[in-house]
There are 2 protein chains.
Amino acid sequence: MLPAQRRDELLRVLRTEGRVVAKDFATRHGLSEDSVRRDLRELAAAGLAQRVYGGALPVSPAVVDYAGRRQVAVENKDRVARAAVELVRPGCTAILDGGTTALAVARALPPDLEATIVTHSPTVAAALAEHPTVEVLVLGGRLFKHSVVTSGSITAEAAAGVWADVFLLGVTGVHPEAGLTTGDPEEAAMKRTLAGRAGDTYVLASAEKIGAASAFRVLPLEHVTGIVTDVPFDDPAARALLDVGAPLIPAT
Amino acid sequence: MLPAQRRDELLRVLRTEGRVVAKDFATRHGLSEDSVRRDLRELAAAGLAQRVYGGALPVSPAVVDYAGRRQVAVENKDRVARAAVELVRPGCTAILDGGTTALAVARALPPDLEATIVTHSPTVAAALAEHPTVEVLVLGGRLFKHSVVTSGSITAEAAAGVWADVFLLGVTGVHPEAGLTTGDPEEAAMKRTLAGRAGDTYVLASAEKIGAASAFRVLPLEHVTGIVTDVPFDDPAARALLDVGAPLIPAT
DNA sequence: CGTACTAATGCCTAGTCTTGCACGTTCTTC
DNA sequence: GAAGAACGTGCAAGACTAGGCATTAGTACG
């Protein structure tokens with residue numbers, strides 16, 4: 001078996017079975033354990049696998065599985081998060097919304113990024129405490145239990161003292177007619193306030209949000225600078241959005 | 001099953017089921033209880049799980065039901081926390097400091113307690129999101145990475161608008177001469193500010209803090225209403241404190 | 001066709017990681 | 001307060017690993 005072929009096979013097994021046991025793989029394919037281990041080492045060095053004692057695991061297997069959400073959606077959110085990280089330029093000030101996608105963005109920020117992040121989410125703030133070079137400003141106020149963010153007049157007042165370059169906004173629906181929506185009126189108002197405190201507003205919308213709509217409008221599509229999403233552009237819902245001029249940004 | 005995979009699986013179960021019972025997990029996956037226990041120990045050491053008698057719980061109590069939490073082994077901080085919970089009367093307003101002991105208090109609050117909790121710790125705020133009947137006010141401001149609390153002028157300003165019945169204060173040292181101390185001057189100032197916003201100030205001090213002193217004074221002992229601690233009263237350090245009139249409160 | 005070169009491989013060794021077991025201790029329960 | 005379950009620790013056996021080294025296979029070039 002060719003070396004390259006062997007590595008492809010390793011990656012395939014890794015994807016389909018979620019793991020590779022060096023010894024078993026060698027036995028099953030009539031290879032020496034040495035070769036398999038060498039391959040695994042190289043795949044790990046290339047960032048394509050995670051080397052562990054006894055074999056290898058996919059790069060980020062269950063680790064991304066946050067709070068027991070559906071794995072699929074989580075992977076989507078991760079993809080969106082990785083793309084959204086690019087929007088936070090070094091030296092800039094960004095407002096980060098609450099929610100799992102925004103949390104994923106916080107975690108995905110480069111460890112050496114020097115920037116100022118403003119957030120009304122205690123969870124996001126706690127996650128950002130891990131980033132030594134990021135300056136974090138927490139917007140205080142009444143804690144809104146459902147989505148674990150502060151909101152209301154105190155928070156709005158605190159936000160009034162802030163001007164940011166970008167706002168990364170999480171919503172529950174992005175719809176061609178309804179625009180950006182979320183499930184709670186107070187939450188919607190808070191997000192609207194934050195959008196007013198930044199130059200550019202980018203929406204974080206994993207595929208399942210595209211074409212969906214909730215009860216309360218946050219903003220019309222025209223007020224948005226970009227919508228970061230991992231939905232394929234030939235998806236009907238995506239097409240409908242593109243038709244009304246929504247600025248979709250693909251998350252590879 | 002690979003060791004690394006086993007740990008991932010443990011974390012996954014922890015997140016989805018809210019707990020892991022060592023014996024069951026071992027039986028279900030055909031593993032020795034020893035390995036499972038060892039893994040749990042390591043996960044706990046890494047801060048990814050909370051070790052309890054019989055198994056483990058998630059670090060954040062998000063999915064843990066109250067019944068499951070009763071099994072939690074009573075460690076020092078928990079003992080102090082359980083005693084401190086009594087200080088938060090129904091209907092009152094309490095300021096909760098940052099730190100692990102304060103976090104333990106937040107988690108130990110009765111699920112049906114109706115009270116208002118003010119905090120400058122995002123971590124504590126996130127934990128309190130689980131308490132439907134507790135009104136939570138987050139003090140915003142610059143995030144102080146080391147101890148994961150907000151502090152500084154913005155936070156002080158937000159605190160100025162608050163008046164609470166009690167302040168539960170965490171420190172790193174309670175010393176007969178030095179008084180209450182902590183390792184950072186800004187942190188000390190913040191705690192002092194908060195103490196000025198409440199009628200009574202209670203200190204949360206697990207045994208190892210008693211008799212210890214750090215570089216920066218928060219308050220002299222005279223300004224304190226009570227010091228909740230699990231140290232035995234016949235301990236020399238405790239005696240020294242009692243001798244200077246410190247109001248020690250025993251945590252059973 | 002032969003030579004020189006590189007890549008790939010298998011084997012060996014020293015060292016690390018994991019595991020199951022034994023033992024004494026701690027915690028829970030009745 | 002006694003029995004039993006769960007615990008942590010120490011230890012030795014075995015599995016796994018990285019790196020070195022010699023051999024082989026494959027390739028480029030004269």
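Keep in mind that the numbers below use all heavy atoms, side chains included, and drop hydrogens, waters and symmetry copies. In what follows, chains are A, B, ... by sequence order, proteins preceding strands, each numbered from 1.
Between A:E33 atom CD and D:dA15 atom P the separation is 11 Å, expressed in whole Å. With rounding to whole Å, A:H29 atom NE2 is found 18 Å from C:dT9 atom C1'. For B:E42 and D:dG8, the CD to C1' distance is 13 Å, given to the nearest whole Å. Between the NZ atom of A:K23 and the P atom of C:dT18 there is a distance of 17 Å, rounded to whole Å. With rounding to whole Å, A:D24 atom CG is found 9 Å from D:dC16 atom P. Whole-Å rounding puts the B:R37 CZ to D:dA5 P distance at 13 Å. For A:L31 and C:dA8, the CG to C1' distance is 13 Å, given to the nearest whole Å. One atom, CG of A:D34, and another, P of D:dT24, lie 17 Å apart when rounded to the nearest Å.
Here the straight-line distance linking atom NE2 of B:H120 with atom OG1 of B:T193 works out to 10.0 Å at 0.5 Å rounding.
Using a 4.0 Å cut-off, some side-chain N or O of A:S32 falls inside it from OP1 or OP2 of C:dG10. OP1 or OP2 of D:dA18 has at least one side-chain nitrogen or oxygen of A:R41 nearer than 4.0 Å. Distances shown here put every side-chain N or O of A:S35 at or beyond 4.0 Å from the OP1 or OP2 atom of C:dA8. An OP1 or OP2 oxygen of D:dT17 is reached within less than 4.0 angstrom by a side-chain nitrogen or oxygen of A:R51. Phosphate proximity of C:dT9 to A:R6: present, with a side-chain N or O under 4.0 Å from OP1 or OP2.
For the 3.5 Å distance criterion, the side chains of B:T225 and B:T201 fail to qualify, holding no donor opposite an acceptor.
Heavy atoms of A:V36 sit nowhere under 4.0 angstrom from any nucleic acid atom.
Between B:F25 and B:H29, the two ring planes are parallel [angle under 30°; tilted spans 30° to 60°].
Judged as a salt bridge (Lys or Arg N to Asp or Glu O under 4.0 Å), the pairs with a partner in residues 185-195 of chain B (not counting sequence neighbours) are, in order, B:D97-B:K191.
Ion pair A:E9/A:R12 flagged as a salt bridge, since at least one NZ, NE, NH1 or NH2 atom sits closer than 4.0 Å to an Asp/Glu carboxylate oxygen.
Nearer to the 5' terminus of DNA chain D, by closest-nucleotide assignment, is the contact made by A:V21 (compared with the other of A:V21 and A:R38).
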